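Accompanying notes for the structure given below.
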Amino acid sequence: MTKTLNRWLVTAGLVLGAAPVLAAGHGQAHAHVHGAVQLEVALDGPTLSIALEAPLDSLLGFERAPRTASEKQAAQDALTALRGSALFAPDAAAGCVFQSATADSEALQPGAKVGEHADLDATAEFTCAKPEQLRRIDLSGLMTRFKRIQRLQAQVVTPQGQYKQTLKRPAQTLTWGR
């Protein structure tokens, strides 16, 4: 996850009185669960930030450096998809426009020498014209592209509060608030 997003989440947690919940996992290793991904959503003014952390196995079917040509291609295709704008669709009422995305894994770097349990971190950022209208994100692009994802654990921090939700297939929409 980006340091900026983590700093913002901790700051927002202090403001919202939720620091113990946010701190319980930052700076510590997350449990490595196959088929599961962690999603952190933060709304700060007009900026919507989404951070995803997943075992490579949950996205690719292997969690080490790619060994074959087909594994290398699958890894590159996954990185391309995660760096694009099609995986997350914020509520249309909020008028959010995609700005940027990143995705990386130490295991997918050329010449990587990592263990057998590698993760991937990705971020996406949007600018929203009406952030107060944002109450959901359609994740069907993510769930359709990465069929190995079985469960998504999300934390959402907005000016209206902090929310936690777990989605299990076939659910594909993260919702919060009223």
Side-chain angles (χ1 to χ4, degrees), residues 1-28 30-31 33 35-55 58-59 78-104 119-147 149-178:
M1 312 283 155
T2 65
K3 291 179 184 177
T4 302
L5 179 59
N6 281 338
R7 258 194 306 268
W8 187 88
L9 285 169
V10 170
T11 301
L14 292 170
V15 170
L16 297 170
V21 175
L22 286 173
H26 293 289
Q28 303 171 11
H30 290 285
V33 179
V37 299
Q38 302 286 328
L39 201 66
E40 293 179 352
V41 177
L43 183 61
D44 182 18
T47 304
L48 170 64
S49 300
I50 302 171
L52 177 140
E53 181 181 343
S58 297
L59 304 174
L79 289 173
T80 298
L82 287 161
R83 292 174 181 152
S85 63
L87 300 182
F88 306 104
D91 194 345
C96 299
V97 176
F98 176 78
Q99 296 299 313
S100 65
T102 64
D104 204 6
D119 289 338
L120 184 138
D121 295 321
T123 63
E125 190 168 291
F126 297 81
T127 300
C128 302
K130 298 179 182 177
E132 69 281 358
Q133 298 293 317
L134 187 61
R135 296 287 186 270
R136 70 176 156 228
I137 300 173
D138 181 348
L139 302 171
S140 59
L142 178 71
M143 302 297 271
T144 299
R145 172 62 180 84
F146 298 104
K147 296 187 183 330
I149 297 174
Q150 296 302 310
R151 184 176 67 238
L152 189 137
Q153 296 170 327
Q155 277 193 302
V156 179
V157 177
T158 73
Q160 292 78 34
Q162 179 178 342
Y163 309 93
K164 192 173 184 179
Q165 186 177 8
T166 299
L167 296 179
K168 293 180 184 178
R169 278 196 187 270
Q172 298 184 350
T173 304
L174 177 64
T175 59
W176 62 89
R178 299 176 191 210

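Just so it is clear, the model here is predicted, and its values are computed rather than measured. The chain is numbered in sequence order, starting from 1.
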Identify the heavy atoms of [X] and [Y] that sit nearest to each other, and give their distance.
X	Y	value
Cys128	Pro131	O-CD, 3.4 Å
Glu125	Ser49	OE1-OG, 3.8 Å
Leu167	Thr173	CD2-O, 3.5 Å
Arg83	Phe98	O-CZ, 4.2 Å
Pro55	Ala36	CD-O, 3.2 Å

By side chain to side chain donor-acceptor pair (under 3.5 Å), Thr175 pairs with (sequence neighbours left out) none
Restricting to side chain to side chain donor-acceptor pair (under 3.5 Å), what partner residues turn up for Gln153, sequence neighbours left out?
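For Gln153 the side chain to side chain donor-acceptor pair (under 3.5 Å) partners, ignoring immediate neighbours, are Gln38.
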Do [X] and [Y] have side chains that get closer than 4.5 Å, going by heavy atoms?
X	Y	result
Ile137	Trp176	yes
Leu82	Leu59	yes
Leu139	Leu152	yes
Leu142	Leu52	yes
Glu53	Glu40	no

Nearest-0.5 Å distance, CD of residue Gln160 to CD of residue Glu132:
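Here the rounded value is 8.5 Å.
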Under 3.5 Å, side chain of Arg151 to main-chain N/O of Thr166, donor-acceptor pair present?
no
Is Arg136 atom CZ crowded by more than 12 heavy atoms from other residues, nucleotides or ligands, each under 6.0 Å away?
no
Could you pull out all donor-acceptor pairs under 3.5 Å where a side-chain atom in residues 84-94 meets a protein atom, sequence neighbours excluded?
{"from": "Asp91", "atom 1": "OD1", "to": "Ala93", "atom 2": "N", "distance (Å)": "3.3"}

